[in-house]
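All heavy atoms count here, side chains included; hydrogens, waters and symmetry mates do not.
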Amino acid sequence: MTLPAAAPDLAFSDDQSAAWDAIGEALSRAGVDLEAGGVTPRAEGRDTVLAVIGKAGSGKTLLLARLAGALKEAGVDVISAEWEGRRRRDRRTLAILAPTNKAASVLRGRGVPATTIHRILYTPVYDPEYEKIAAWLAGEGDRPETEALSDVALDRAKAFYDQHASIPGALAAAGLRGSDFITGWKRREEPLDIGLVDEASMLDARALDDLREIFPTLLLFGDPAQLAPVKGAGEGEARMVFEGLPETRKLILHRVHRQAGDNPILDLAHALADPDLTFDTFERMVEDAAAGDSRVELAARVDSDLMARSPVLVWRNATRVRLIAAFRAAYGAPADALLAGEPLICDGIELPLKHRKKRLDLEARGLIKGAQVVYLGPGRNPGFARLYVIGAEDPRLSVAAIIRIESPGEEEPVIPTAARMGASFLHGAAVTIHKAQGSQWPSVQVFAPDLYAAARAGRVEAGQPLWKRLAYVAITRAEERLIWVRRYALARPRAPLGTGDLTVERAPALALGAPEEGE
């Protein structure tokens, strides 16, 4: 994938230029010259953490993309989480990271080759025979003579790699499964070099510690107006990791760029900073925006068709459960089975320690907590499900699944797919605003009655009314269209559920899962 050019297509604002200069100075001390181009071996003991902080529209992503392009032009290698090739003493490396697959896919859609933090923390171990093939595909070795693949298969793998630059994808195109060439996963032991982390407001202290062990130079890009990571009981007040940095390490972007200034969605988001703004006044602002711009809509009902791919965003868990039940009833879904096309959210991997390799396999394929998934149908074996992982580079897989569907007023959920162990899922037609952080969709429905309830509750988080933080996060999930839903009602579907809208996978699916006994 080609990185964005460092030469500016859009002029930097003064605060972006100041941030660029500060980052350039830090990188220069680390042996990377952005201005003249060129690198020197990394000096030991020069660890740096900087945070680029700004609200939506302030140009964080533009700065990240330009920085990635400039680092590549200076001679820093952009590493892939799937295969790294030979290590050299003088090699300088860059990894561009996001907390979730969805957040990483948003960056990739803008031309920035991002991967998830998990895929950097854990690396694949290749079978030695396939290691030679991977080295050849990456241009680090001669074409191998191997019995593992025929000449025709090697040609097919090379053609795929030249187009997509993916080692697993190329080997899959040659007819292999992941288990054929990846023998396991290991936690990274050796440090890397420079890390750029988007959506850093989602990180907790443990994730930051893990990243600091790996990256001597770490740049965090985050939005201070979002919701802090949810903390458990007794852990103290939730806070964002960059709040604990010295002020000299925070590079703040204040200005909203002209190209974002005429966006009514961002205008609404920034209006929430007014300390005197009430919920009623804000809702009138939404009405005015909807009257003058098609990118903002008022709706009396939730759109059930849109819920199939873009969950309606709510505050209260009880609202989430009720909306999911209404969604399934509208599509005629049976209580004890799923329809192809129903959305799911990964709730974690339920495997004992002896199946650690399988856990890492699944997480590497995108099944980390919070991942969006579409149900495609039952697998070949009992308890298995065929799934499409939204935002994953190879999205289709079959996995041992535990799928829970909650119902209003019921303590125990219905479990239509019940493997003894495997990936756990909840229904994804509606999600809490907390879980939506890091994701964006072209069109987003925000359930206003829940925000009104939050306003009535009078709760405050980090010195700001909670309803304002919830509204800010929910509104900024919308890329093109914001739908403000004002009533507890659901519109009937216009078409049956299906899977025909899902992108065809780049390569044959890899079958991964926790095996049943005797399989």
| field | Worked verdict on Phe425 versus Val373 for side chain to side chain contact (heavy atoms under 4.5 Å, CB included) | value | CA-CA 9 Å; Phe425 299 93; Val373 172; 3.9 Å; yes
| task | Kindly determine whether Leu426 and Leu344 satisfy side chain to side chain contact (heavy atoms under 4.5 Å, CB included), including the steps that lead there. | result | CA-CA 6 Å; Leu426 300 174; Leu344 303 173; over 6 Å; no
| task | Determine, step by step, whether Arg143 and Leu154 satisfy the side chain to side chain contact (heavy atoms under 4.5 Å, CB included) criterion, reporting the C-alpha distance in whole Å, the side-chain angles of both residues, the deciding distance to 0.1 Å, and the verdict. | result | CA-CA 9 Å; Arg143 181 182 176 111; Leu154 283 173; 3.6 Å; yes
| Does the pair Leu387 and Val374 meet the rule for a side chain to side chain contact (heavy atoms under 4.5 Å, CB included), with working shown? | CA-CA 6 Å; Leu387 305 172; Val374 177; over 6 Å; no
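Using a 4.5 Å cut-off on side-chain heavy atoms (C-beta onward), Ile117 and Val197 make contact. The shortest distance between side-chain heavy atoms of Asp33 and Val39 does not fall below 4.5 Å. By the 4.5 Å heavy-atom criterion applied to side chains, Asp267 and Asn263 are not counted as neighbours. For the pair Pro311 and Gln372, the minimum side-chain heavy-atom distance is below 4.5 Å. In this structure, the side chains of Phe215 and Asp47 stay at 4.5 Å or more apart for every pair of heavy atoms. Contact check for Phe279 versus Leu451: side-chain heavy atoms found under the 4.5 Å cut-off. Ile96 places a side-chain heavy atom less than 4.5 Å from the side chain of Pro113. Counting heavy atoms from C-beta on, the side chains of Leu220 and Leu203 come closer than 4.5 Å.
Annotation for Trp20 and Leu34: closest pair CZ2-CD1, 4.2 Å, computed over non-hydrogen atoms. Closest heavy-atom contact between Glu199 and Pro99: O-CG, 3.5 Å. When all heavy atoms are compared, the tightest approach of Leu277 to Ala271 is CD2-O, 3.5 Å. Ser443 approaches Ser310 most closely through the heavy-atom pair O-OG, 2.7 Å. Considering every non-hydrogen atom in both Ala74 and Val32, the closest pair reads CB-CG1, 4.3 Å. The shortest heavy-atom contact between Leu245 and Ala51 is CD1-CB, 3.8 Å.
Atom OG1 of Thr48 sits about 10.0 Å away from atom CG of Leu218, to the nearest 0.5 Å. To the nearest 0.5 Å, the span separating NE2 on His254 from NZ on Lys55 amounts to 11.0 Å. To the nearest 0.5 Å, atom CG of residue Leu470 and atom CG of residue Asp450 are 9.0 Å apart. Note that the CG atom of Asp193 and the CD1 atom of Ile214 stand 12.5 Å from one another [nearest 0.5 Å]. Between atom CG of residue Leu251 and atom CD of residue Gln16 there is a gap of 12.0 Å, rounded to the nearest 0.5 Å. Put simply, CZ on Arg477 and CG on Leu313 are 8.5 Å apart, with the number rounded to the nearest 0.5 Å.
Arg295 and Asp293 are joined by a salt bridge, as a carboxylate oxygen and a charged side-chain nitrogen come within less than 4.0 angstrom of each other. Between Asp77 and Arg91 a salt bridge is recorded (basic side-chain N to carboxylate O distance below 4.0 Å).
Under the 3.5 Å distance criterion, the side-chain polar atoms of Arg249 are matched with a main-chain donor or acceptor of Val49. In this structure, the side chain of Arg469 engages the main chain of Glu461 through a donor-acceptor pair within 3.5 Å. Looking at Lys60, its side chain never comes within 3.5 Å of a backbone N or O of Phe221 through a donor-acceptor pair. A donor-acceptor contact shorter than 3.5 Å is absent between the side chain of Gln226 and the backbone of Asp223. With hydrogens and angles ignored, the 3.5 Å screen pairs a side-chain donor or acceptor of Gln440 with a backbone N or O of Thr476. Between the Thr116 side chain and the Thr100 main chain, no donor and acceptor come within less than 3.5 Å of each other. Of the possible donor and acceptor atoms, none in the side chain of Arg459 sits under 3.5 Å from a partner among the backbone N and O of Pro465. A donor-acceptor pair under 3.5 Å links the side-chain atoms of Lys468 to the main chain of Asp274, judged by distance alone. Between the side chain of Tyr472 and the backbone N or O of Ala56 there is at least one donor-acceptor pair closer than 3.5 Å. No donor-acceptor distance shorter than 3.5 angstrom exists from the side chain of Arg396 to the backbone of Tyr388, with no hydrogens or angles considered.
Applying side-chain contact (heavy atoms from CB on, under 4.5 Å) to Val446 and the options Leu482, Val314, Ile483 leaves one that passes, Leu482.
Taking the six-membered ring wherever Trp is involved, the centroid distance between the rings of Trp484 and Phe282 falls below 6.0 Å.
More than 12 heavy atoms of other residues, nucleotides or ligands shown are found within 6.0 angstrom of CG on Asp162. Counting non-hydrogen atoms of other residues, nucleotides and ligands closer than 6.0 Å to CD of Glu129 gives a total above 12.
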